[in-house]
Amino acid sequence: MPELPEVEVIRRGLERWVAGRAIASAEVLHPRSVRRNTGDLPARLKGRPLLSAERRGKYLWLPLGDGDPADPREAEEALVVHLGMSGQLLLTDRGAPAERHLRVRLGFADDGPELRFVDQRTFGHMLVAPLASAYGRRVPEPITHIAPDPLEEAFDDDGFAHRLTRRRTGLKRALLDQSLISGVGNIYADEALWRARLHWARATETLTAAEVTELLAQVRAVLTDAIAQGGTSFDSLYVNVNGESGYFGRSLAVYGRQDEPCPRCGAPVRRDPFMNRSSYSCPKCQPWPGDARP
DNA sequence: ATTTCAACCTGGCCGC
DNA sequence: TGCGGCCAGGTTGAAA
């Protein structure tokens, strides 16, 4: 479900409503929703403050204090969350009835609203992990293989261009590879490619430096626009921590708009099968690269 | 080494 | 109303 903009909107909600609070209790209602520390997640969390809310790409983490406010050392561990396709983090009153797909609930020492992890398809997960260095930043050890996302200071434009054009694959496949550039998923890949007028199947090794520059600019533009509108909500599956939907769905140019007119030229948007999924594009603005067919 | 693809799940929607 | 088939925003690990 959520890509970078949706995760960032959630991160901001956590930063505002959860950072600084100490965990009093943790309850795991579905074993698949916890990785690695299966079974002892509650013990690892109890009594510890959540210091802040961080994000790289589609991963969220909350650095954990050690429970002693008189000894404010830099965090060595964090509670890591990946939302998968359908995960939600919701702040709810402690007495509120359990959601249908409630998987983990965290109660706080201040007796305020609790944090609930709700996940219909259970592709998402949580875990406690040590922090390690990767691409100039302290991140959870399990995500050190993830590249910085294009909104991070640490993102290296020239390095990206170099690695991208050395690949032997299609452009959209590369955009979805989180070890090359993180945060981009199916929706925003299609939207950025449309904005940059590039076809999803374009061979990466044929891209010019100018095309990569334009692509990166459009990736950043679409992610930034989406964050400003609270993310994209097709249905009730994506909401912020207060249960509210985002409005970027109405700004999508091609994604999910098969046969509707391209906002730029009016040609009917095309849908192509892509990796057991779909790619949406404009047949006129984004013509097949040369004679290549998928 | 690099690239591709099935598998992990549940539920909503569509057509018969 | 019911049932099968299809689709859904992600990542991983293993195979090619």
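Throughout, protein chains are lettered first and strands after them, A, B, ... in sequence-line order, and every chain is numbered starting at 1. These numbers were taken from a predicted model, which means no experiment stands behind them.
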Sole candidate of A:Gln286, A:Arg270, A:Arg271 that passes side chain to side chain donor-acceptor pair (under 3.5 Å) when paired with A:Ser281: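 That would be A:Arg270.
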Testing A:Gln88, A:Arg116, A:Arg105, A:Gln120 one by one against A:Glu99 for a side chain to side chain donor-acceptor pair (under 3.5 Å), which residue passes?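 For A:Glu99, the side chain to side chain donor-acceptor pair (under 3.5 Å) test succeeds with only one of A:Gln88, A:Arg116, A:Arg105, A:Gln120, which is A:Arg116.
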Counting only side-chain nitrogens and oxygens, does [X] get under 4.0 Å of the OP1 or OP2 atom of [N]?
| X | N | answer |
| --- | --- | --- |
| A:Arg32 | B:dC9 | yes |
| A:Thr232 | C:dG9 | no |
| A:Asn276 | B:dA6 | yes |
| A:Arg173 | B:dT4 | yes |
| A:Arg35 | C:dT12 | no |
| A:Gln120 | B:dC9 | no |
| A:His101 | B:dT10 | no |

Matching residue for A:Glu152 among A:Arg56, A:Arg220, A:Arg55 - test: salt bridge (Lys or Arg N to Asp or Glu O under 4.0 Å):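 Filter result, single survivor: A:Arg56.
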Distance check needed: [N] [atom2] versus [X] [atom1], whole Å only.
| X | N | atom1 | atom2 | answer |
| --- | --- | --- | --- | --- |
| A:Leu4 | C:dG9 | CG | C1' | 13 Å |
| A:Gln258 | C:dA8 | CD | P | 10 Å |
| A:Leu175 | C:dG9 | CG | P | 15 Å |
| A:Leu180 | B:dT2 | CG | C1' | 13 Å |
| A:Asp119 | B:dG11 | CG | P | 11 Å |
| A:Met85 | C:dG9 | CE | P | 5 Å |
| A:Phe274 | C:dG10 | CZ | P | 11 Å |
| A:Gln88 | B:dG11 | CD | C1' | 13 Å |

With nearest nucleotide decided by heavy atoms, which residue, A:Arg121 or A:Pro142, maps closer to the 5′ end of DNA chain C?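 Closest to the 5' end, via its nearest nucleotide, is A:Arg121.
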Consider only side-chain N and O atoms of [X] and [Y], and report whether a donor and an acceptor are under 3.5 Å apart.
| X | Y | answer |
| --- | --- | --- |
| A:Glu6 | A:Tyr188 | yes |
| A:Ser279 | A:Lys172 | yes |
| A:Ser52 | A:Glu54 | yes |

Which nucleotide in the list B:dT3, C:dG9, C:dT11 gets nearest to the side chain of A:Thr169?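 That would be B:dT3.
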A:Phe123 side chain, from C-beta outward: closest of B:dC9, C:dG9, C:dT11: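 For A:Phe123, the side-chain atoms sit closest to B:dC9.
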Look at the rings of A:Tyr280 and A:Tyr255 and say which category their plane angle falls in: under 30° parallel, 30 to 60° tilted, over 60° perpendicular.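 Aromatic pair A:Tyr280/A:Tyr255 classed perpendicular.
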Across the strands shown, which category fits [X] at heavy-atom distances under 4.0 angstrom: base, sugar-phosphate, nothing?
| X | value |
| --- | --- |
| A:Tyr255 | sugar-phosphate |
| A:Phe248 | nothing |
| A:Arg100 | sugar-phosphate |

Stems involving DNA chain B: give each as a range paired with a range, ordered by first number, where a stem means at least three consecutive Watson-Crick or G-U wobble pairs under 3.5 Å.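 So far as stems of 3 or more pairs are concerned, DNA chain B shows B:2-8 with C:10-16, B:10-16 with C:2-8.
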Gap separating the OH atom of A:Tyr59 from the CG atom of A:Asp149, nearest 0.5 angstrom: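 Output value for this atom pair is 13.5 Å.
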Taking B:dC13 as the reference, what is the distance to C:dG9 when you measure between their P atoms (whole Å, please)?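 Pairwise P distance, C:dG9 against B:dC13, rounds to 16 Å.
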Could you check whether any side-chain heavy atom of A:Val104 comes within less than 4.5 Å of a side-chain heavy atom of A:Val34, counting everything from C-beta outward?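 Yes, close enough: below the 4.5 Å cut-off.
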Would you mind telling me which residue lines up with the more 5' stretch of DNA chain B, A:Asp177 or A:His30, judged by nearest nucleotide?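 The residue closer to the strand's 5' end, by nearest nucleotide, is A:Asp177.
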Check if the side chain of A:Arg277 and the base of C:dG10 share a donor-acceptor pair of N or O atoms closer than 3.5 Å.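 Result: at least one qualifying N/O pair found.
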